[in-house]
*Asks:* 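Below are the structure tokens for one structure; questions will follow.
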Amino acid sequence: MNLTTILKQTAAENLLHLYQVNIQPEQVLVNATKPEFEGDYTIVLFAFVKQLGKSPEVVGNELGTAMQKALPTIITSYNIVKGFLNFTISNDYWLELIKNTNPNNLIPPITNQQKIMVEYSSPNTNKPLHLGHLRNNFLGWSIAEILKLQGHEVVKTCIVNDRGIHICKSMIAWQLFAHGATPSSTNKKGDHFVGDYYVKYNDAFKAEVAGLVAGGMTQELAEKEASIFKAAQEMLLKWEQGDAATLDLWKRMNEWVYEGFEVTYKKIGSDFVKTYYESNTYLLGKELVEEGLAKKVFYQKEDSSVWIDLTGDGLDEKIVRRKDGTSVYMTQDIGLAQLKQKEFNNDASIYVVGDEQNYHFKVLKLICQKLQLPAADGIYHLSYGMVELPTGKMKSREGTVVDADDLVDAMIAISKEKTEALGKVSDFTTDQLTELYNTIGLGALKFFLLRVDPKKKMIFNPEESIDFHGFTGPFIQYTHARIKSILRKTGVTVSITNNELLPLEKQLAIELSTFPAIINEAAENLDPSKVAIFAFNLAKLFNTFYAEHSIANAESETKKQVRIQLGILTAATLQKSMSVLGIAVPEQM
RNA sequence: GGUUCGGUAGCUCAGCUGGAUAGAGCGUCAUCCUUCUAAGAUGAGGGCCAUUGGUUCGAAUCCAAUCCGAAUCACCA
């Protein structure tokens with residue numbers, strides 16, 4: 001059990017015993033003691049003092065004495081400053097902890113294991129992936145791994161948005177301007193190739209609209225009347241009618257895109273157990289509409305469109321079936337939720353989707369609950385903020401996007417440059433070097449996107465934002481490599497025996513012991529940044545320790561043994577933390 | 001207009017279930033490689049925690065109002 005938990009429980013028990021007050025362990029506030037005071041852990045007394053009607057000194061003394069008696073092997077002494085009861089924890093406790101922690105099994109599996117689905121990535125097939133997709137992919141992959149580490153069974157899925165007007169736009173532009181060109185004939189990556197035609201469509205569209213406006217038409221009307229837009233609409237209609245030639249072109253162009261995506265996914269490490277295609281799912285949910293009508297969850301208007309009234313839940317009315325009988329986005333999503341549940345029998349489902357869809361997912365969950373679909377309560381939206389450039393928002397239509405492939409390649413190139421400049425890996429083979437550059441470049445990028453709170457929007461400055469020093473992936477990778485280098489020289493631990501821990505040694509032990517709690521926190525909040533911040537703090541602490549104390553040339557053999565073990569545990573904890581962020585840590589760099 | 005989310009150092013961000021003197025990184029300045037990896041460490045400087053009021057022994061944290069920014073409130077997906 002976690003020491004904080006032990007202290008909370010013991011405090012609650014003794015308060016009950018001493019004063020007959022019933023205080024839940026969770027209500028006891030236990031903090032790490034601030035460095036300027038003596039002690040390791042602090043109980044804040046103010047909360048109880050009031051209802052006990054005694055001074056903090058009296059309560060502190062009585063509680064301190066009682067707790068020391070209750071935990072004689074853990075608490076060596078206590079002191080009281082104002083309303084703070086500070087405990088000093090025994091060296092033996094920390095030594096035992098260091099000794100008994102298994103570097104290969106740092107996280108004890110939780111008791112209520114669930115089957116959890118994580119849907120992420122969700123690309124459109126009319127353009128390549130960009131920076132925003134990277135944030136999505138890294139977040140989704142990471143939260144899945146964090147849940148796995150806790151012991152859950154996780155199913156990663158992806159819904160590909162492969163139909164609709166935006167695809168038709170690329171298709172029309174290809175028909176008009178490509179003259180039969182293909183990715184292989186132009187030697188272009190398939191998704192980029194198709195994306196280029198999406199941009200070409202928009203250029204042509206804008207030019208045509210401008211011409212119409214110059215001829216006296218209003219902007220609004222011109223946008224509707226532009227022939228290229230009409231052609232795209234017509235194509236969508238043909239697609240829906242199953243026109244063979246249209247479907248053929250659609251399949252062909254989507255194939256190009258998938259080939260491109262596969263390369264990118266492989267490079268950034270995204271993987272999926274199951275991929276759903278919207279072209280197969282967009283008609284789902286129709287039976288659910290009938291079911292909802294029967295259950296009186298939905299109601300029908302005179303024009304025969306079907307709605308749900310959510311005003312009682314503080315939301316609006318929402319349409320779930322058009323008057324022409326076709327389903328809307330929401331209907332599809334309800335249908336897909338049901339399908340996924342049937343196929344995988346999951347307990348919970350996490351959707352990694354941008355925060356512009358917060359409302360949509362709130363409604364989705366509500367409707368699923370009202371329809372009493374299984375696992376409806378387990379729907380969570382991992383909502384993340386937009387990635388913006390210093391110049392403002394990215395717009396793929398205008399070509400002001402940071403392309404995912406370009407960015408990844410640039411990061412790898414920078415890591416190569418920096419590594420070569422340092423000249424520490426002259427003994428690496430060419431293959432090892434390539435792998436190292438990938439590891440560092442991608443590590444920097446992933447860490448940069450994962451280290452901030454997902455729900456906040458973030459600003460990405462290509463020139464200044466990516467660094468290899470400080471609060472970065474490479475800093476942690478470097479710390480890991482550094483520890484491994486030392487361990488290669490010192491060998492493994494033989495035995496750990498009694499000795500006094502120096503302040504930095506103890507701090508490391510304390511920091512290491514919080515890892516499981518950090519993982520829980522990250523899982524509960526669907527927030528990998530907690531892990532990123534933890535890994536950084538741990539690495540920083542180790543580096544301070546390293547600068548202060550020698551491992552190989554420790555003052556004594558017993559000291560050396562303890563420090564080797566601390567090194568082993570730190571390396572393992574860093575490795576594990578980074579691995580759930582999707583970042584590898586090298587043995588040498 | 002309604003709803004939701006945000007505003008903390010020059011910049012990028014932690015801290016937000018109320019607790020001791022508000023923290024990192026980058027950038028600036030100054031130190032430290034005949035000793036385990038200097039992608040490192042140490043120190044200095046940098047703050048009316050958007051504003052105003054309230055609750056409290058105690059507020060960056062909770063409540064209210066105001067100001068600024070974003071998203072959303074589609075028979076688009």
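The figures that follow rest on heavy atoms only: side chains count, while hydrogens, waters and symmetry mates do not. From a predicted model like this one, the values you see are computed outputs, not experimental measurements.
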*Asks:* Indicate, yes or no, whether a donor-acceptor pair under 3.5 Å links the base of B:rA38 to the side chain of A:Asn543.
*Replies:*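 Check fails, no donor-acceptor contact within cut-off.
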*Asks:* Reading RNA chain B from 5' onward, which residue's closest nucleotide shows up sooner: A:Lys82 or A:Ala552?
*Replies:*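 Taking each residue's closest nucleotide, the earlier one in sequence belongs to A:Lys82.
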*Asks:* Nearest to the side chain of A:Arg482, which nucleotide is it out of B:rC13, B:rA14, B:rU37?
*Replies:*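 Looking only at side-chain atoms, A:Arg482 lies closest to B:rU37.
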*Asks:* Under 3.5 Å, is there a donor on one side chain and an acceptor on the other for A:Asp316 and A:Tyr359?
*Replies:*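 Distance-only check passes for A:Asp316 and A:Tyr359.
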*Asks:* Can you check whether A:Met589 reaches A:Thr439 side chain to side chain, under 4.5 Å on heavy atoms?
*Replies:* no
*Asks:* In whole angstroms, how far is the C1' atom of B:rA24 from the NE2 atom of A:His469?
*Replies:* 17 Å
*Asks:* Using the side-chain contact (heavy atoms from CB on, under 4.5 Å) definition, which of the options A:Asn358, A:Val352, A:Val353 pairs with A:Ser383?
*Replies:* A:Asn358
*Asks:* Using only modelled atom types and a 3.5 angstrom limit, is any donor from either the side chain of A:Ser529 or the base of B:rA14 paired with an acceptor on the other?
*Replies:*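 Side chain to base: no pair below 3.5 Å.
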*Asks:* For a quick test of reading the model, state the closest non-hydrogen atom pair linking A:Ile80 to A:Asn61 and the distance between them.
*Replies:* CD1-N, 3.3 Å
*Asks:* Determine, step by step, whether A:Phe471 and A:Phe536 satisfy the ring-ring contact (aromatic ring centres under 6.0 Å, His included) criterion, reporting the C-alpha distance in whole Å, the side-chain angles of both residues, the deciding distance to 0.1 Å, and the verdict.
*Replies:* CA-CA 6 Å; A:Phe471 187 18; A:Phe536 171 65; 4.7 Å; yes
*Asks:* What distance, rounded to whole Å, do you find between the two C1' atoms, one in B:rU12 and one in B:rU31?
*Replies:*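 Pairwise C1' distance, B:rU12 against B:rU31, rounds to 27 Å.
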*Asks:* Which whole-number value in Å describes the distance from A:Arg488 CZ to B:rU37 P?
*Replies:*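 Nearest whole value for this atom pair: 8 Å.
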*Asks:* By the 4.0 Å heavy-atom rule, please label A:Leu315 as base, sugar-phosphate, or nothing.
*Replies:* nothing
*Asks:* Would you kindly give the CZ-to-P distance between A:Phe542 and B:rU37, to the nearest whole Å?
*Replies:* 11 Å
*Asks:* Expressed in whole Å, how much space separates the C1' atoms belonging to B:rC48 and B:rA60?
*Replies:*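 Straight-line distance between the two C1' atoms is 12 Å.
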*Asks:* Rounded to whole angstroms, how far apart are CZ on A:Phe46 and P on B:rA20?
*Replies:* 10 Å
*Asks:* Say we look at B:rC49 and B:rA59: how far apart would their P atoms be, to the nearest angstrom?
*Replies:* 13 Å
*Asks:* For B:rC62, does the O4'-C1'-N9-C4 or O4'-C1'-N1-C2 angle fall within 90° of 0, making it syn, or is it anti?
*Replies:*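 In terms of base orientation relative to the sugar, B:rC62 is anti.
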*Asks:* Quick one: on RNA chain B, does A:Tyr478 or A:Ala32 contact a more 5' nucleotide (nearest heavy atom)?
*Replies:* A:Ala32
*Asks:* Starting the side chain at C-beta, find the nucleotide from B:rU12, B:rC75, B:rG15 nearest to A:Lys323.
*Replies:* B:rC75
*Asks:* What is the separation between atom CG on A:Asp316 and atom P on B:rC73, rounded to the nearest whole Å?
*Replies:*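 A:Asp316 atom CG is separated from B:rC73 atom P by 9 Å.
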*Asks:* Using a 3.5 Å distance criterion without hydrogens, assess whether the side chain of A:Asp309 forms a donor-acceptor pair with backbone atoms of A:Thr311.
*Replies:*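 Yes, because the side chain of A:Asp309 sits within donor-acceptor range (under 3.5 Å) of the backbone of A:Thr311.
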*Asks:* Between A:Phe471 (CZ) and B:rG15 (C1'), how many Å, whole number?
*Replies:* 12 Å
*Asks:* What is the distance from OH of A:Tyr277 to P of B:rA77, rounded to the nearest Å?
*Replies:* 21 Å
*Asks:* Between B:rC75 and A:Asp303, counting only base atoms on the nucleotide and side-chain atoms on the residue, is there a donor-acceptor pair under 3.5 Å?
*Replies:* yes
*Asks:* Considering only side-chain heavy atoms of A:Phe475, which listed nucleotide, B:rU37, B:rA41, B:rA77, is closest?
*Replies:*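 Out of B:rU37, B:rA41, B:rA77, the nucleotide with an atom closest to A:Phe475's side chain is B:rA41.
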*Asks:* If pairing requires Watson-Crick or G-U wobble contacts with both distances under 3.5 Å, which nucleotide is the partner of B:rA41?
*Replies:* B:rU31
